Amino acid sequence: MHKVYSTAVKAAVEKACPGVVSCADVLAVAAEESVVALVVPSWEVKVGRRDSTTASFNGANNDIPPPTSGLANLTSLFAAKGLSQKDMVALSGAHTIGLARCTNFRGHIYNDTDIDTGFARSRQSNCPRTTGSGDNNLAPLDLQTPTVFENAYYKNLVQKSALLHSDQELFNGGAADTQVRSYVSSQEAFFKDFVVGMIKMGDVAPLTGSNGQIRKNCRRIN
């Protein structure tokens, strides 16, 4: 969620109801509403989270799977948060919308063999091979429908047209192949499992009670 957007929402909430709604809850609700705005099923967002009084850039980076991840690493990182491989595959479907930087998919489109050659060439036109050249150039994670939340992401995987190496790993002769095919066949199955995954992810180690604080400004502690 863009920090400018979340800051603006938090400021409005704070004005109407000071010291009650945390930044963590603002982000959780905004994530759900962003998906609902794209005409997909909604879910009930649990609230009552509190905000951390510390932050760790390295810790955050260590918890987020890099785009070079293989299936085993993806599964392991999600499992460390209490999320199953099924949750991981369903939540990865969020990549049916959004953009990625050239630096995060350069290796996949130039060096990997598990990619459709025509698709790779089309992405190379805006992402030079040389590191440092066009690193911040953007490409849609789903080339066909980058602003529509549906199951096209999984269809791309089957067609070897994933933008990120880590995404293509979900359909590469491994344990996740069957689940990917099930989402290709049934968009409703994807939506159902995505909602379950989002609720479970929202339950990962929240601060509640007297722990943490309710930040007045999401960019800094009180």
Side-chain angles (χ1 to χ4, degrees), residues 1-6 8-9 24-47 49 63-67 69 71 74-75 77-78 81 83-102 104-105 108-109 115-116 119 122-123 126 137-172 176-204:
M1 191 62 58
H2 197 283
K3 63 182 180 181
V4 173
Y5 173 80
S6 60
V9 172
D25 275 349
V26 167
L27 288 172
V29 173
E32 188 266 350
E33 289 300 310
S34 297
V35 173
V36 171
L38 298 174
V39 197
V40 295
S42 63
W43 61 94
E44 184 175 345
V45 179
K46 298 178 184 180
V47 293
R49 300 171 184 80
D63 284 346
I64 298 175
S69 294
L71 181 61
L74 290 168
T75 302
L77 287 171
F78 275 74
K81 298 298 180 182
L83 298 167
S84 67
Q85 184 179 84
K86 181 179 180 179
D87 296 326
M88 181 270 291
V89 175
L91 290 169
S92 294
H95 284 181
T96 191
I97 57 174
L99 304 166
R101 297 166 61 220
C102 167
N104 288 326
F105 60 83
H108 182 50
I109 63 174
I115 184 171
D116 178 81
F119 174 75
S122 72
R123 298 299 84 204
N126 191 45
N137 291 354
L138 298 174
L141 290 163
D142 172 9
L143 181 61
Q144 305 302 322
T145 54
T147 60
V148 180
F149 197 99
E150 22 74 304
N151 64 343
Y153 166 81
Y154 299 101
K155 296 176 182 178
N156 292 339
L157 300 187
V158 172
Q159 295 167 3
K160 300 294 183 181
S161 297
L163 185 65
L164 302 179
H165 172 89
S166 55
D167 282 340
Q168 193 58 63
E169 281 290 296
L170 303 188
F171 190 83
N172 201 21
D177 282 17
T178 299
Q179 187 178 348
V180 169
R181 288 192 184 279
S182 75
Y183 294 160
V184 170
S185 301
S186 173
Q187 182 166 269
E188 290 305 312
F190 161 49
F191 286 171
K192 178 178 178 292
D193 291 346
F194 181 81
V195 166
V196 171
M198 286 297 293
I199 293 172
K200 288 179 67 175
M201 188 164 63
D203 286 341
V204 174

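Quick note: numbers below take in every heavy atom, side chains included, and nothing from hydrogens, waters or symmetry partners. Keep in mind it's a predicted model, so treat the numbers as computed, not measured.
Between Leu163 and His95 there is no side-chain heavy-atom pair separated by less than 4.5 Å. Gln179 has its side chain within reach of Lys86: a pair of non-hydrogen atoms, C-beta onward, lies under 4.5 Å apart. Residues Ser92 and Tyr153 meet the side-chain proximity criterion, which asks for heavy atoms closer than 4.5 Å. Proximity of Trp43 to Glu32: side-chain heavy atoms (C-beta onward) are separated by under 4.5 Å at one or more points. Taking 4.5 Å as the limit, every side-chain heavy atom of Lys81 sits out of range of all side-chain heavy atoms of Leu77. Taking the side chain as every heavy atom from C-beta outward, Asn151 and Phe191 never approach each other to under 4.5 Å. A heavy-atom distance below 4.5 Å is not found between the side chains of Asp203 and Lys200. Within the 4.5 Å cutoff, no side-chain heavy atoms of Leu143 are placed close to those of Ser161.
Of all heavy-atom pairs spanning Asp167 and Leu157, the tightest one is O-CD2, 3.4 Å. When all heavy atoms of Lys155 and Val184 are compared, the pair lying nearest together is N-CG2, 3.8 Å. Shortest non-hydrogen contact noted between Pro66 and Ser166 is O-CB, 3.9 Å. Minimum interatomic distance between Val9 and Val26 (heavy atoms only, all atoms of both residues): CG1-CG1, 3.6 Å. Closest heavy-atom contact between Val89 and Ala176: CG2-CB, 3.8 Å. Val45 approaches Ala28 most closely through the heavy-atom pair CG1-CB, 3.8 Å.
Checked options Leu141, Asp142, Asp116; the residue passing with Asn156 is Asp142 (criterion: side chain to side chain contact (heavy atoms under 4.5 Å, CB included)).
Once rounded to the nearest 0.5 Å, the distance linking CE of Met88 with CG of Leu83 reads 10.0 Å. Rounding to the nearest 0.5 angstrom, the gap separating the CD atom in Glu44 from the CD1 atom in Ile199 is 8.0 Å. Annotation: the span from Leu138 atom CG to Cys102 atom SG amounts to 9.5 Å, rounded to 0.5 Å. To the nearest 0.5 angstrom, Leu164 atom CG is 10.0 Å from Ile115 atom CD1. For the atom pair OG (Ser186) and NZ (Lys192), the distance works out to 10.0 Å, reported to the nearest 0.5 Å. The CZ atom of Arg123 lies 11.0 Å from the CG atom of Asn137; values are rounded to the nearest 0.5 Å.
Under a 3.5 Å cut-off, the side chain of Asp87 and the backbone N or O of Ser84 do form a donor-acceptor pair. A donor-acceptor pair under 3.5 Å is formed between the side chain of His108 and the backbone N or O of Ala162. Panel note: side chain Thr96, backbone Gly93; no donor-acceptor pair is recorded below 3.5 Å. Under a 3.5 Å cut-off, the side chain of Asn126 and the backbone N or O of Ala139 do not form any donor-acceptor pair.
Glu150 and Thr145 share a side-chain donor-acceptor pair at under 3.5 Å.
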Practice prompt. Evaluate the ring pair (Phe, Tyr, Trp, His ring centres under 6.0 Å) criterion for residues Tyr183 and Phe171: first the C-alpha distance (whole Å), next the side-chain angles of each, then the deciding distance (0.1 Å), finally the verdict.
Written response: CA-CA 12 Å; Tyr183 294 160; Phe171 190 83; over 10 Å; no
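A salt bridge does not link Asp25 to Lys46: none of the charged nitrogens lies less than 4.0 Å from a carboxylate oxygen.
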